[in-house]
Novice: 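A single structure is presented below for examination.
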Amino acid sequence: MTGDNDLLDQLQAREGIVCFAGAGGKKTSMVHLAALHDGRVGLTNTIKVPFRLKRESDDLIPLDEGTDVETALATFAGKRIVGYAGPKTRSFRLEGIAPETIAAIHKTGEFDATYVKVDGARMRLAKGHKPGEPILVPGTTTVLLFASVHVVGRTLDEETVHHPEIFAGLSGATVGDVITQTHLADALGHQVATIGATTSARIVPVINMADDEAQEAVAHGVADSLWQSAPAVERLAITSMIRPDPLKALLVR
């Protein structure tokens with residue numbers, strides 16, 4: 001549908017602070033979009049993350065607790081794509097960076113875009129947000145709200161969905177039910193409304209992992225339902241971030 005270079009614009013992720021929320025491909029998408037960008041890009045987090053964005057590469061630079069902005073930027077000198085996080089934890093992860101610090105690094109470091117992982121999903125396909133999630137950055141321009149189409153047809157339980165009880169409340173399903181297209185659309189619609197109450201940023205639902213024609217058809221069913229039931233959604237994407245042509249469809253009001 002569009003060239004890779006256009007994907008940044010289609011997802012409204014070329015400029016500013018872009019927060020990646022939800023489940024189903026956030027880290028993969030952050031790395032992919034950063035690689036497409038021809039400007040200076042930061043990759044960071046407001047929540048705990050592994051040492052690496054990808055298994056084979058992309059180390060995150062751990063900043064010591066209390067590191068000031070100027071010291072951080074000196075550490076990043078000469079780097080176009082900069083991945084950074086908080087100090088190491090005892091659980092072999094990296095702490096999140098304070099949202100205000102990310103905003104200051106983005107501005108002072110003259111980053112074209114900063115991509116921020118703002119919640120965790122423990123490798124699940126969808127999630128229910130707890131109160132206080134996601135942890136957005138001041139001045140966020142776009143929130144990309146992810147869910148995997150692979151969750152449709154799966155059982156609503158802890159192996160499939162992060163915080164399944166919360167997801168159940170958002171979707172109208174019951175824990176143990178088979179998740180339908182409508183369940184996923186309703187959950188995303190509620191999440192858009194909840195996040196929208198806390199920020200003036202654009203919120204773009206991304207139905208990811210539409211990796212073949214069958215999954216793409218299911219994703220269109222989710223998108224159609226969400227498009228009809230959530231008037232606050234102005235832009236919605238169906239993607240397969242592991243494919244050479246990741247954007248499968250884009251709806252814009």
Side-chain angles (χ1 to χ4, degrees), residues 1-16 18-37 113 115 117-119 121 124-127 129 134 140-154 160-161 167 170-171 178-196 201-253:
M1 172 174 228
T2 184
D4 256 5
N5 191 44
D6 297 326
L7 183 63
L8 294 165
D9 296 317
Q10 302 289 6
L11 295 182
Q12 299 192 327
R14 186 177 293 277
E15 298 178 341
V18 182
C19 290
F20 290 66
K26 296 192 298 291
K27 293 194 299 294
T28 299
S29 300
M30 289 172 66
V31 172
H32 183 75
L33 294 177
L36 294 179
H37 210 296
Y115 299 153
K117 187 172 185 281
V118 293
D119 63 12
R124 303 310 192 259
L125 300 173
K127 77 169 291 182
H129 286 105
T140 292
T141 52
T142 301
V143 178
L144 298 179
L145 177 61
F146 280 77
S148 169
V149 69
H150 292 185
V151 79
V152 176
R154 299 281 294 271
T160 303
V161 175
F167 183 93
L170 298 174
S171 66
V178 173
I179 299 169
T180 67
Q181 296 176 11
T182 301
H183 289 147
L184 181 55
D186 287 350
L188 285 170
H190 280 290
Q191 290 169 339
V192 167
T194 300
I195 295 171
R202 301 176 292 257
I203 303 172
V204 181
V206 180
I207 305 168
N208 194 29
M209 300 186 181
D211 302 331
D212 58 32
E213 290 184 1
Q215 293 294 346
E216 191 173 339
V218 174
H220 274 283
V222 176
D224 290 345
S225 181
L226 178 58
W227 196 246
Q228 296 298 323
S229 64
V233 175
E234 297 182 351
R235 180 175 294 248
L236 187 157
I238 296 173
T239 59
S240 173
M241 286 295 181
I242 65 170
R243 299 297 185 188
D245 54 340
L247 185 62
K248 300 302 180 182
L250 181 75
L251 294 176
V252 181
R253 290 195 198 276

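Values in this document were obtained by computation on a predicted structure and should not be read as measured data.
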Novice: Could you walk me through whether V178 and R154 pass the side chain to side chain contact (heavy atoms under 4.5 Å, CB included) check?
Specialist: CA-CA 5 Å; V178 173; R154 299 281 294 271; over 6 Å; no
Novice: Below 4.5 Å, heavy atoms only, C-beta onward: do I207 and T239 meet side chain to side chain?
Specialist: no
Novice: Mark yes or no for whether Y115, through its side chain, and A13, through its backbone, hold a donor-acceptor pair below 3.5 Å.
Specialist: yes
Novice: Verify, without hydrogens or angle tests, whether R243 (side chain) and K248 (backbone) share a donor-acceptor contact under 3.5 angstrom.
Specialist: no
Novice: Strictly distance-based, threshold 3.5 Å: is any side-chain N or O of H220 a donor or acceptor partner for the main-chain N or O of A217?
Specialist: no
Novice: Test side chain to side chain contact (heavy atoms under 4.5 Å, CB included) on L170 and D186; report intermediate values, then the result.
Specialist: CA-CA 7 Å; L170 298 174; D186 287 350; over 6 Å; no
Novice: Could you give the distance from CD1 (I203) to OG1 (T194), rounded to the nearest 0.5 Å?
Specialist: 9.0 Å
Novice: According to side chain to side chain contact (heavy atoms under 4.5 Å, CB included), who are the partners of A185, at least two apart in sequence or on a separate chain?
Specialist: V222, S225, L226
Novice: Check whether T140 reaches the backbone of A201 with its side chain - one donor and one acceptor, N or O, closer than 3.5 Å.
Specialist: no
Novice: Are any of the side-chain heavy atoms of L184 and S171 separated by less than 4.5 Å?
Specialist: no
Novice: Do the non-hydrogen side-chain atoms of V192 and P205 ever get within less than 4.5 Å of each other?
Specialist: yes
Novice: Mark yes or no for whether D212, through its side chain, and Q215, through its backbone, hold a donor-acceptor pair below 3.5 Å.
Specialist: yes
Novice: Does H129 have any side chain to side chain donor-acceptor pair (under 3.5 Å) partners at least two apart in sequence or in another chain, and if so, which?
Specialist: D119, Q191
Novice: Looking only at heavy atoms, what is the nearest atom pair of G22 and A121, with distance?
Specialist: O-CB, 3.7 Å
Novice: Taking the side chain as every heavy atom from C-beta outward, state whether R235 and L251 have any pair of such atoms under 4.5 Å apart.
Specialist: no
Novice: Going by distance alone, is a donor N or O of one side chain under 3.5 Å from an acceptor N or O of the other, for S29 and H32?
Specialist: no
Novice: Could you tell me if the side chain of R14 sits less than 4.5 Å from the side chain of L11, heavy atoms only?
Specialist: no
Novice: Would you say the side chain of V118 lies within less than 4.5 Å of the side chain of F20, judging by non-hydrogen atoms?
Specialist: no
Novice: Distance from R124 atom CZ to S148 atom OG, nearest 0.5 Å?
Specialist: 13.0 Å
Novice: Check whether any side-chain heavy atom of V204 sits under 4.5 Å from a side-chain heavy atom of L145, and report yes or no.
Specialist: no
Novice: Under the side chain to side chain contact (heavy atoms under 4.5 Å, CB included) criterion, do L8 and E15 qualify, and how do the steps go?
Specialist: CA-CA 9 Å; L8 294 165; E15 298 178 341; over 6 Å; no
Novice: Could you check whether any side-chain heavy atom of L33 comes within less than 4.5 Å of a side-chain heavy atom of L7, counting everything from C-beta outward?
Specialist: yes
Novice: Shortest non-hydrogen contact from F146 to G24?
Specialist: CD2-O, 4.0 Å
Novice: Please name the pair of heavy atoms, one in G221 and one in Q181, separated by the smallest distance, quoted to 0.1 Å.
Specialist: CA-OE1, 3.2 Å
Novice: List in chain and number order the residues that pass side chain to side chain contact (heavy atoms under 4.5 Å, CB included) with T141, two or more places apart in sequence or in another chain; answer none if no residue qualifies.
Specialist: V18, R202
Novice: If you look at every heavy atom in H37 and A113, which pair is closest and at what distance?
Specialist: NE2-CB, 4.0 Å
Novice: For N208 and G25, which heavy atoms make the closest approach, and how far apart are they?
Specialist: ND2-CA, 3.8 Å
